[in-house]
Novice: 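Sharing a structure below in structure tokens format, with a few things to ask.
Since the model is a prediction, treat every value here as computed from it, not as a measurement.
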Amino acid sequence: QVRLVESGGGLVQPGGSLRLSCAASERALRTHTKAWFRQAPGKEREFAAAIQWGGGITYYADSVKGRFTISRDNAKNTVYLQMNNLEPEDTAVYYCAAASRSGDMKRESTYEHWGQGTQVTVSS
């Protein structure tokens with residue numbers, strides 16, 4: 001069974017940083033496009049960032065561009081989300097996703113594998 005396991009969430013003050021990790025259980029996922037989505041309390045899940053398997057092409061939501069960086073280590077089958085200058089509005093459950101097919105990388109329906117999520121809380 002394919003599993004994506006997120007880690008690295010927690011409580012951080014505004015202006016602080018966190019690094020999320022997502023480890024995949026299957027070697028086949030190394031060539032999948034990987035992404036991070038997030039869901040704030042009372043809101044729908046939204047796209048945050050995505051990276052193609054080669055690592056050279058990335059996509060970001062306007063709300064995180066310039067503050068978040070997505071990267072991947074295919075040898076470790078892991079994708080990362082470095083989050084800097086965090087704001088209270090970044091408070092959400094962050095989900096890792098993987099897609100084997102091409103499509104709109106910002107749409108949830110493109111991704112067939114999902115993790116359980118990790119909580120990020122930005123508060124003073």
Novice: Could you tell me how the ring of F47 sits relative to the ring of F37: parallel (under 30°), tilted (30 to 60°) or perpendicular (over 60°)?
Specialist: perpendicular
Novice: Report yes if some heavy atom in the side chain of S63 is under 4.5 Å from a heavy atom in the side chain of R38; otherwise report no.
Specialist: yes
Novice: Can a side-chain donor-acceptor contact be found between Y59 and Q52 if the only test is distance below 3.5 angstrom?
Specialist: yes
Novice: Are V64 and Y80 linked, directly or through intermediate hydrophobic residues, by side-chain heavy-atom contacts shorter than 4.5 Å (ILVMFWY only)?
Specialist: no
Novice: Check whether R19 reaches the backbone of G9 with its side chain - one donor and one acceptor, N or O, closer than 3.5 Å.
Specialist: no
Novice: Please name the pair of heavy atoms, one in S124 and one in P14, separated by the smallest distance, quoted to 0.1 Å.
Specialist: N-CD, 3.7 Å
Novice: Could you verify whether a donor N or O on one side chain and an acceptor N or O on the other, from N84 and S17, lie under 3.5 Å apart?
Specialist: yes
Novice: Do the side chain of E6 and the main chain of G117 share a donor and acceptor less than 3.5 angstrom apart?
Specialist: yes
Novice: Flag the pair V79 / S71 as yes when at least one side-chain heavy-atom distance between them is below 4.5 Å, and no otherwise.
Specialist: no
Novice: Kindly compute the distance separating CG (L20) from SG (C96), expressed to the nearest 0.5 Å.
Specialist: 9.5 Å
Novice: Does Q119 have more than 12 heavy atoms from other residues, nucleotides or ligands lying within 6.0 Å of its CD?
Specialist: yes
Novice: In Å and rounded to the nearest 0.5 Å, what is the NE2 to NE2 distance from H32 to H113?
Specialist: 4.5 Å
Novice: Verify, without hydrogens or angle tests, whether T91 (side chain) and T121 (backbone) share a donor-acceptor contact under 3.5 angstrom.
Specialist: no
Novice: Are M83 and V12 close enough that some pair of their side-chain heavy atoms sits under 4.5 Å apart?
Specialist: no
Novice: Report yes or no: does N74 contribute a side-chain atom to a donor-acceptor pair with the main-chain N or O of W53 at less than 3.5 Å?
Specialist: yes
Novice: Go through L4 and Y95 one step at a time and tell me if the side chain to side chain contact (heavy atoms under 4.5 Å, CB included) criterion holds.
Specialist: CA-CA 9 Å; L4 296 173; Y95 297 90; over 6 Å; no
Novice: Got a second to check how far T118's OG1 is from L18's CG, nearest 0.5 Å?
Specialist: 9.0 Å
Novice: Following the transitive rule for hydrophobic clusters with a side-chain heavy-atom cut-off under 4.5 Å over Ile, Leu, Val, Met, Phe, Trp and Tyr, establish whether L11 and V122 coincide in one cluster.
Specialist: no
Novice: Just by distance, with hydrogens left out, do S100 and E112 show a side-chain donor and acceptor under 3.5 Å apart?
Specialist: yes
Novice: Considering all heavy atoms of both residues, which atom of Y111 and which atom of A98 are nearest to each other, and what is their separation?
Specialist: CD2-C, 3.6 Å
Novice: Could you check whether the rings of F68 and Y94 sit parallel, tilted or perpendicular, using 30° and 60° as the cut-offs?
Specialist: tilted
Novice: Measure across T58 and I51 and return the closest heavy-atom pair with its distance rounded to 0.1 Å.
Specialist: CG2-CG1, 3.8 Å
Novice: Test your reading of the model: is there a side-chain donor-acceptor pair from N77 to the backbone of A23, 3.5 Å cut-off?
Specialist: no
Novice: Using modelled atom types only, decide if a donor and an acceptor are shared between the side chain of S21 and the backbone of S7 within a distance under 3.5 Å.
Specialist: no
Novice: Cationic tip of R45 within the cone over W114's six-membered ring, i.e. under 6.0 Å and within 45° of the normal?
Specialist: yes
Novice: Nearest 0.5 angstrom please: S123 OG to Q13 CD, how far?
Specialist: 8.5 Å
Novice: Is it true that a side-chain atom of D90 and a backbone atom of E87 form a donor plus acceptor pair closer than 3.5 Å?
Specialist: yes
Novice: Just verifying a value: how many Å separate T33 OG1 and R101 CZ, rounded to the nearest 0.5 Å?
Specialist: 11.0 Å
